[in-house]
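Please read the structure below before turning to the comments.
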Amino acid sequence: MNKPSFRERVLQAREDAIVASVNRLLAEKGFESMTVDEVAADVGIAKASLYKHFPSKEALAAAAMTTVLDRALAFLEQEAAREATPVEHLKSVARWTMQVTLAGEMPSLPSQNSTLRTALTQHRGYLDRAMMVSERLGVWITAAQAAGQIEPTLP
């Protein structure tokens, strides 16, 4: 496997900084209030440079959400390895989610923005990760319902 070139590492570091900035700004301000100009200024790059990495505000949000889902999947993997009841796993996930949110590391996305919804539903990485998170949680929810640990009539 080839080691990435210096230029590739610099581009990746810049992209990581952009996504971290977007994640923070989305958590602080939400999608509607965040601007691409703010992201570029926060990272310390020109807006044109930002657009070389991400073609739109929606693509920025999708990248931030994909990163959060990667973190969630890593947490879920650790949690699955822990000896616990299904409801204990679910409580741990809820606790982790609140900690990430309170730390300002959970993007706030609107439910009504159709351009963002379209971008997310067309982003393969986001969809794949969201399905993996959903499947893992679904297993624990079903098991907790079967064990009588949570209300079985809830969807």
Side-chain angles (χ1 to χ4, degrees), residues 1-82 87-141 150 154-155:
M1 182 169 216
N2 292 337
K3 182 179 171 183
S5 70
F6 177 75
R7 185 181 191 296
E8 290 169 332
R9 289 186 307 226
V10 168
L11 288 173
Q12 186 60 53
R14 182 180 294 158
E15 194 166 296
D16 292 345
I18 292 168
V19 171
S21 175
V22 169
N23 193 29
R24 186 181 55 73
L25 288 168
L26 285 173
E28 287 175 9
K29 304 179 93 174
F31 181 77
E32 300 297 337
S33 296
M34 181 194 80
T35 67
V36 174
D37 288 324
E38 285 177 305
V39 175
D42 189 53
V43 176
I45 61 174
K47 189 174 175 180
S49 288
L50 188 142
Y51 280 121
K52 288 180 183 177
H53 294 274
F54 300 96
S56 66
K57 182 178 174 180
E58 290 78 11
L60 287 166
M65 287 306 299
T66 301
T67 300
V68 169
L69 287 172
D70 283 338
R71 288 181 62 197
L73 286 167
F75 176 80
L76 292 174
E77 188 175 315
Q78 286 179 320
E79 186 60 31
R82 188 173 73 86
V87 77
E88 288 170 336
H89 286 306
L90 293 169
K91 286 178 181 180
S92 187
V93 170
R95 192 171 21 261
W96 177 84
T97 303
M98 288 304 297
Q99 288 170 340
V100 171
T101 300
L102 291 172
E105 299 169 355
M106 183 68 71
S108 174
L109 301 178
S111 60
Q112 300 301 317
N113 187 303
S114 62
T115 60
L116 178 59
R117 182 178 299 127
T118 299
L120 290 174
T121 59
Q122 293 175 352
H123 191 281
R124 191 76 192 153
Y126 170 80
L127 287 176
D128 290 346
R129 288 163 179 85
M131 288 303 297
M132 287 188 275
V133 168
S134 179
E135 288 169 6
R136 166 49 66 191
L137 293 176
V139 167
W140 287 333
I141 290 167
I150 60 175
L154 294 174

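Residue indices begin at 1 and follow the sequence shown. Since this is a predicted model, take the numbers as computed values, not measurements.
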*asked:* Tell me if a side-chain donor or acceptor on Lys57 pairs with a main-chain N or O of Met34 at a distance below 3.5 Å.
replied: yes
_Can a donor-acceptor pair be found, under 3.5 Å and without considering hydrogens, that links the side chain of Arg129 to the backbone of Gly125?_
yes
*Flag, side chain of Thr67 to backbone of Ala63, donor-acceptor distance under 3.5 Å*: yes
*asked:* Applying side chain to side chain contact (heavy atoms under 4.5 Å, CB included) to Trp140 and Glu79, what does each step give before you reach the verdict?
replied: CA-CA 11 Å; Trp140 287 333; Glu79 186 60 31; 3.7 Å; yes
*Main-chain N/O of Glu105 paired to Asn23 side chain as donor or acceptor, under 3.5 Å*: yes
_Side-chain donor/acceptor of Ser21 to backbone N/O of Ala17, under 3.5 Å_ = no
*Rounded to the nearest 0.5 Å, what separation is found between the OG1 atom of Thr66 and the CZ atom of Arg71?*
14.0 Å
*So, the side chain of His123 versus the backbone of Ala59: is there a donor-acceptor pair under 3.5 Å, distance only?*
no
*From Glu28 CD over to Glu38 CD, what is the distance, rounded to the nearest 0.5 angstrom?*
9.0 Å
*Show the numbers, then the answer: is there a side chain to side chain contact (heavy atoms under 4.5 Å, CB included) between Val36 and Phe54?*
CA-CA 10 Å; Val36 174; Phe54 300 96; over 6 Å; no
*Main-chain N/O of Arg117 paired with Thr121 side-chain donor or acceptor, under 3.5 Å*: yes
_I'd like to know whether His89 forms a side chain to side chain contact (heavy atoms under 4.5 Å, CB included) with Leu76, so could you lay out the CA-CA distance, the side-chain angles of the two residues, the decisive distance to 0.1 Å, and finally the verdict._
CA-CA 9 Å; His89 286 306; Leu76 292 174; over 6 Å; no
